[in-house]
Amino acid sequence: GESVGLHLPTLSVQEGDNSIINCAYSNSASDYFIWYKQESGKGPQFIIDIRSNMDKRQGQRVTVLLNKTVKHLSLQIAATQPGDSAVYFCAERANTDKLIFGTGTRLQVFP
Amino acid sequence: GAVVSQHPSWVICKSGTSVKIECRSLDFQATTMFWYRQFPKQSLMLMATSNEGSKATYEQGVEKDKFLINHASLTLSTLTVTSAHPEDSSFYICSARDTRVDGYTFGSGTRLTVV
């Protein structure tokens with residue numbers, strides 16, 4: 001049966017505005033971080049990554065910021081579009097090959 | 001780019017039966033693959049790390065005798081859910097590590113429903 005779990009936090013933004021999605025990671029030894037986008041019924045889709053020797057990385061319409069002091073990661077999406085509506089996860093890698101996922105944030109874009 | 005194919009995309013099975021899910025890396029070799037489970041409105045939870053030519057490494061709380069993992073080649077890992085029960089109903093997702101670029105590519109997931 002279906003498990004009852006925590007509902008994902010939701011960020012609602014208007015089309016054209018910038019979105020900022022935040023993530024707190026757990027392991028200070030993590031050396032690699034990835035943001036994924038997941039649409040309903042699909043697997044995670046790579047958005048952007050960053051290594052621990054950097055604090056900022058930019059892609060097309062997206063920017064990832066890393067603050068190792070407070071173990072915080074953020075994803076900024078410029079000029080948010082309806083097609084950006086999805087659930088966004090951060091993932092971290094520490095010591096091993098494993099990627100551990102954060103809790104996720106649902107982004108809703110309204111016209 | 002790296003592509004991972006996961007099959008089937010959905011499956012319905014009866015309680016007590018076993019179901020096999022396949023994960024293939026199509027254009028690269030993957031010595032390491034990963035299996036995740038995702039319940040509705042929750043995050044991906046790592047179940048196990050699949051290592052080519054050796055035993056899988058299971059996360060704490062995951063029953064290795066129930067979730068059998070085989071990684072017999074550099075491009076294929078399989079997850080078999082044995083004696084499935086309704087509580088095993090979930091979305092199962094595989095991932096393959098591409099060491100050429102130090103990246104991770106995910107399959108499209110398998111929706112398992114046990115009735």
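By convention in this document, chain letters (A, B, ...) are assigned in the order of the sequence lines, proteins followed by strands, and residues within each chain are numbered from 1. Since the model is a prediction, treat every value here as computed from it, not as a measurement.
Of all residues spanning residues 19-36 of chain B, those with a heavy atom less than 4.5 Å away from chain A's heavy atoms are B/Thr32, B/Phe34, B/Tyr36, arranged by number. Residues of residues 22-36 of chain A lying within less than 4.5 angstrom of chain B, judged on heavy atoms, are A/Tyr32, A/Ile34, A/Tyr36 in numerical order.
Contact of A/Phe89 with chain B is made through the side chain alone, with heavy-atom distances under 4.5 Å. For chain A, the nearby part of B/Phe91 is the side chain; its heavy atoms alone come within less than 4.5 Å. Contact of B/Gln6 with chain A is not made at all, since no heavy-atom distance falls under 4.5 Å. Only the side chain of B/Ile93 has a heavy atom closer than 4.5 Å to any heavy atom of chain A.
Separating the CZ atom in A/Arg93 from the CZ atom in B/Arg97 is a distance of 5.0 Å, to the nearest 0.5 Å. Distance check, rounded to the nearest 0.5 Å: CG of A/Leu99 to CZ of B/Phe106 gives 5.5 Å. In this structure, A/Gln45 CD and B/Ser108 OG are separated by 12.5 Å, a value rounded to the nearest 0.5 Å. The CD1 atom of A/Ile100 lies 5.5 Å from the CD atom of B/Glu59; values are rounded to the nearest 0.5 Å. Expressed to the nearest 0.5 Å, how far CZ of A/Phe101 lies from CE of B/Met45 amounts to 11.5 Å.
Within a 6.0 Å sphere centred on CD of A/Gln60, other residues, nucleotides and ligands contribute 12 heavy atoms or fewer. At most 12 heavy atoms of other shown residues, nucleotides or ligands fall within 6.0 angstrom of atom NZ in B/Lys64. Other residues, nucleotides and ligands place more than 12 heavy atoms under 6.0 Å from the NE2 atom of A/His72.
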- Task: Could you check B/Thr49 against A/Asp97 for side chain to side chain contact (heavy atoms under 4.5 Å, CB included), going step by step and ending with a plain yes or no?
- Result: CA-CA 9 Å; B/Thr49 301; A/Asp97 286 348; 5.7 Å; no
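In this structure, A/Val87 is not a member of the same hydrophobic cluster as A/Ile48, with clusters built from ILVMFWY side-chain heavy atoms closer than 4.5 Å. Under the 4.5 Å side-chain heavy-atom criterion for grouping Ile, Leu, Val, Met, Phe, Trp and Tyr, A/Leu65 is not connected to A/Leu11 through any hydrophobic cluster. Both A/Met54 and A/Leu75 are part of a single hydrophobic cluster, where members link through side-chain heavy atoms under 4.5 Å apart. B/Val81 and B/Leu76 end up in different hydrophobic clusters when Ile, Leu, Val, Met, Phe, Trp and Tyr side chains are linked at under 4.5 Å. Follow the hydrophobic side-chain contacts under 4.5 Å out from B/Ile69 and you never reach B/Leu74; the two are in separate clusters.
For the residue pair B/Asp102 and A/Arg51, the shortest heavy atom distance occurs at OD2-NH1, 2.8 Å.
Between chain B and the options A/Gly41, A/Gly104, A/Ala91, the largest number of non-hydrogen pairs under 4.5 Å is found for A/Gly41.
Looking only at side-chain heavy atoms (C-beta outward), A/Gln38 and B/Leu44 come within less than 4.5 Å of each other.
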